Amino acid sequence: MNNHQHPDTPPGMMLFFLLILLMGGAFDANATRTPQAALPYRAALIRNARLVWGLNAPVADFAAQIEHESSWQPGITNHIGAQGLGQFMPATTAWIGEVMPELADKAPLNPGWSLRAVVSFDNWLWQRLSAVNSCERMAMTLSAYNGGLGWVQRDRRLAERQGFDGRRWFDSIERVNAGRRASAWRENRHYPRRILKSLAPRYLTWGGASCV
C-alpha cells in the first residue's frame, strides 16, 4: 500500500485533488503578478511619482490605484463620465488644470497627463491630511481621492465624537458615516482597502508601498 494514499480513495479522486491544489497555486501567483497592461506605464509612473513625491515615493500605491481605477486602460470613459487612467471627472480635471500649471492642458485621456495628475492630486490631498503613520495617511488620501476631502474631514470629526482615533483610518474613521448615501459609503470604504492591502503588493518591484 502507498503510505501517502488512503486505501479507500479512488485514484481519480486523488488526481482531482492534485489539480485543485495546482490551480490554487496558479491563482495565488496571478494575485501577486503585475498585470501585463501596466508594464508600458511603469517608467513614466515611477518618474512622475519621484518628481512629485521624492525618491521614496510610494509608487506601488499609485500603480495599485490606477489598476483599481481603470485596469490600465488609457482611453476609457465610464458610465458617469470619468476618464482615463486616473478616472477623473470633468470637474476635477478642470480644477486640476487651474490649480496645477503643469497640468493646464486638462487631458485625462492622455496617459502622460493622467499619470502626472494621479500622483499630483494624491500629493495635494496628502498635504492636507495627518495620521499616526504613512499607511493610515495614505488610506485617508485615497478615501479623499475617491469621495472628496470634505467627507474625510467630516468622517474624522464624527469618529472622534464617537470615541474612535481620528488619526487612524482603518478600523476607526472608516467605521463611521457622516452622511453619505449607503452605496457611496461602501464604495469609499472598499477603495483604500483594496488598493493598499490587495493590489499594492503586485507592484513592490516598482517602488515603495505605504502599508506593506
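Bear in mind that the values here come from a model prediction, so they are computed numbers and not experimental data.
If you take CG on N177 and CZ on R154, they are separated by 10.5 Å, rounding to the nearest 0.5 Å. Between the NE2 atom in H68 and the CG atom in L142 there is a gap of 9.5 Å [rounded to 0.5 Å]. Residue E69 holds its CD atom at 13.0 Å from CD of Q83, rounded to the nearest 0.5 Å. Note that CD1 of I195 and SG of C211 are 11.0 Å apart. Values are rounded to the nearest 0.5 Å. Note that CG of L129 is 12.0 Å distant from CD of E136, once rounded to the nearest 0.5 Å.
Using a distance-only test at 3.5 Å, with no hydrogens or angles considered, a donor-acceptor pair links the side chain of W185 to the main chain of V176. Listed for the R116 side chain is no donor-acceptor partner under 3.5 Å among the backbone atoms of N48. Remark: side-chain polar atoms of R156 are paired, donor with acceptor, to backbone N or O of G166 under 3.5 angstrom. Between the side chain of Q127 and the backbone N or O of W124, no donor-acceptor pair lies under 3.5 Å. T141 contributes a side-chain N or O that, together with a main-chain N or O of R137, makes up a donor-acceptor pair within less than 3.5 Å.
Annotation: side chain of R42 is in contact with side chain of T205 (closest heavy-atom distance under 4.5 Å). Contact annotation: the side chain of S120 approaches that of L103 to within less than 4.5 Å [non-hydrogen atoms, C-beta and beyond]. The side-chain heavy atoms of R161 and L158, taken from C-beta on, include a pair separated by under 4.5 Å. With contacts defined as side-chain heavy-atom distances shorter than 4.5 Å, the pair D155/R180 qualifies. Between F170 and L196, some side-chain heavy-atom pair lies under the 4.5 Å cut-off. Looking at heavy atoms from C-beta onward, W95 lies in side-chain contact with F121 at the 4.5 angstrom threshold. Between M140 and S143 the shortest side-chain heavy-atom distance does not fall below 4.5 Å. Put simply, the side chain of L115 reaches to within 4.5 Å of the side chain of I66, judged on heavy atoms.
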Side-chain donor-acceptor distances from residues 85-93 under 3.5 Å, at least two apart:
{"from": "Q87", "atom 1": "OE1", "to": "N78", "atom 2": "ND2", "distance (Å)": "3.4"}
{"from": "Q87", "atom 1": "NE2", "to": "A82", "atom 2": "O", "distance (Å)": "3.4"}
{"from": "Q87", "atom 1": "NE2", "to": "G84", "atom 2": "O", "distance (Å)": "2.9"}
{"from": "T93", "atom 1": "OG1", "to": "M89", "atom 2": "O", "distance (Å)": "3.3"}

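Looking at every heavy atom in both residues, G147 comes nearest to N188 through N-ND2, 3.6 Å. V152 approaches A144 most closely through the heavy-atom pair CG2-N, 3.6 Å. The two atoms that bring P111 and Y41 nearest to each other are CB-CE2, 3.7 Å, heavy atoms only. When all heavy atoms are compared, the tightest approach of R128 to Q153 is O-NE2, 4.4 Å. The minimum heavy-atom distance between P192 and A139, with the atom names listed, is CG-O, 3.6 Å. Of all heavy-atom pairs spanning G207 and A60, the tightest one is O-CB, 3.7 Å.
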side-chain contact (heavy atoms from CB on, under 4.5 Å) between M138 and Q65, intermediate numbers included: CA-CA 11 Å; M138 184 57 75; Q65 182 181 9; over 6 Å; no
side-chain contact (heavy atoms from CB on, under 4.5 Å) between V119 and V59, intermediate numbers included: CA-CA 9 Å; V119 300; V59 180; over 6 Å; no
Candidate pair D105 and W113, rule side-chain hydrogen bond (donor to acceptor under 3.5 Å, both in side chains), full reasoning: CA-CA 8 Å; D105 49 347; W113 188 96; 3.1 Å; yes
Residue pair L109, T77: steps toward the side-chain contact (heavy atoms from CB on, under 4.5 Å) verdict: CA-CA 9 Å; L109 295 176; T77 298; 4.2 Å; yes
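Within the structure, every pair that satisfies the side-chain hydrogen bond (donor to acceptor under 3.5 Å, both in side chains) test and touches residues 50-61, not counting sequence neighbours, is listed here: D61-S210.
With salt bridges taken as basic N to acidic carboxylate O contacts below 4.0 Å, none links R175 and D165.
More than 12 heavy atoms of other residues, nucleotides or ligands lie within 6.0 Å of CG in L39, so this atom counts as buried by the packing criterion.
Linking ILVMFWY residues whenever their side-chain heavy atoms come closer than 4.5 Å, directly or via other members, places I46 and W126 in the same cluster. If you chain together hydrophobic residues whose side chains sit under 4.5 Å apart, L199 and V118 never meet in one group. Under the 4.5 Å side-chain contact rule for hydrophobic residues, L51 and M100 do not share a cluster. W169 and W151 fall into different hydrophobic clusters, where Ile, Leu, Val, Met, Phe, Trp and Tyr residues are linked whenever their side-chain heavy atoms come under 4.5 Å apart, directly or through other members.
Exactly one residue among R193, R189, R168 makes a side chain to side chain donor-acceptor pair (under 3.5 Å) with E174. That residue is R193.
Ring planes of Y191 and Y145: parallel class, angle under 30° (limits at 30 and 60°).
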